[in-house]
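Both backbone and side-chain heavy atoms feed into the values below; hydrogens, waters and symmetry mates do not. Every value quoted in this text rests on a predicted model; they were computed, and no experiment measured them. Numbering starts at 1 and runs along the sequence shown.
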Amino acid sequence: MKRIDANSRRSRAVVVGNMVYLGGQVGDSKQADIKVQTRETLAKIDQLLEEAGSSRSKVVSATIWLKSMDDYDGMNEIWDAWIDADNPPARACGEVRLADERYLVEIIATAMV
């Protein structure tokens, strides 16, 4: 088992066997719109996947939390350009209250290594 960017509360990712489990990722620009926050979130996922020895083409599932379903189309525009269309993951998307009201999107992913 390998823990990536761990502290006493959480790991950003954990590699177990041939799988990598990512914690929820959010963008850094809390005042930005859904497209910027989604791009930043997916960039963090790319970085963690690379550290784990994986890539977006190996993502098997993703859970997307939106502050508002009004942002669904904007998030999907960025998601659709990011995801490997030949290897799309299983995906769920819902509206939830996020840890900081300025976050518009949080994404949790699981991938093969």
ask   = Taking only residues two or more places apart in sequence or in another chain, which ones pass side-chain contact (heavy atoms from CB on, under 4.5 Å) with Q47?
value = E51
key: Single-linkage hydrophobic cluster, 4.5 Å side-chain cutoff, Y21 and M1 together   = yes
inquiry  = Going by salt bridge (Lys or Arg N to Asp or Glu O under 4.0 Å), name the pairs with one or both residues in residues 40-49, residues two or more places apart or in two chains.
reply    = D28-K44, D46-R56
Backbone N/O of G23 and side chain of Q25: donor-acceptor pair under 3.5 Å = yes
inquiry  = A side-chain contact here means heavy atoms from C-beta on lying under 4.5 Å apart; do L42 and I78 qualify?
reply    = yes
inquiry  = Distance check, rounded to the nearest 0.5 Å: D73 atom CG versus K35 atom NZ?
reply    = 9.5 Å
ask   = Members other than V36 in its cluster, when Ile, Leu, Val, Met, Phe, Trp, Tyr link by side-chain heavy atoms under 4.5 Å?
value = none
inquiry  = Going by side chain to side chain contact (heavy atoms under 4.5 Å, CB included), P89 matches just one of T63, T110, I83. Which one?
reply    = I83
K30: partners by side-chain contact (heavy atoms from CB on, under 4.5 Å), with sequence neighbours left out = D100, R102, Y103
remark   = Value for NZ (K67) from CG (L98), rounded to nearest 0.5 Å, stands at 8.0 Å
ask   = How far does CG of L104 sit from CD of Q37, to the nearest 0.5 angstrom?
value = 4.0 Å
ask   = Checking T41 side chain against G27 main chain: does a donor-acceptor pair fall under 3.5 Å?
value = yes
task = Check the pair V113, K58 against side chain to side chain contact (heavy atoms under 4.5 Å, CB included), reporting the backbone distance first and the verdict last.
result = CA-CA 7 Å; V113 177; K58 295 181 180 180; over 6 Å; no
query = What about L49 and M19, same hydrophobic cluster or not, with Ile/Leu/Val/Met/Phe/Trp/Tyr joined at side-chain heavy-atom distances under 4.5 Å?
reply = no
ask   = Is I64 reachable from V96 through a run of I, L, V, M, F, W or Y residues, each pair having side-chain heavy atoms under 4.5 Å apart?
value = no
Rounded distance [0.5 Å steps], CG in L22 versus CG in L48 = 5.0 Å
ask   = For N87, which residues count as a side-chain contact (heavy atoms from CB on, under 4.5 Å) partner, sequence neighbours excluded?
value = S57, D84
task = For residues L66 and I34, determine if any side-chain heavy atom of one lies less than 4.5 Å from a side-chain heavy atom of the other.
result = yes
key: Flag side-chain contact, heavy atom, 4.5 Å: W82 against T38   = no
query = Do N7 and R10 have side chains that get closer than 4.5 Å, going by heavy atoms?
reply = yes
message = Looking at E95, I'd like to know if its CD atom is crowded, meaning that more than 12 non-hydrogen atoms belonging to other residues, nucleotides or ligands lie closer than 6.0 Å.
response = yes
query = What closest approach, in Å, do C93 and M75 show between heavy atoms, and which atom pair accounts for it?
reply = SG-CE, 3.9 Å
ask   = Are W79 and M69 connected, step by step, through hydrophobic side chains (Ile, Leu, Val, Met, Phe, Trp, Tyr) whose heavy atoms are closer than 4.5 Å?
value = yes
request  = With sequence neighbours left out, write down each residue that passes ring pair (Phe, Tyr, Trp, His ring centres under 6.0 Å) with W65, or none if nothing qualifies.
outcome  = none
key: Nearest-0.5 Å distance that lies between atom CG in D33 and atom CZ in R39   = 7.5 Å
Path from V26 to I108 over hydrophobic side-chain contacts below 4.5 Å = yes
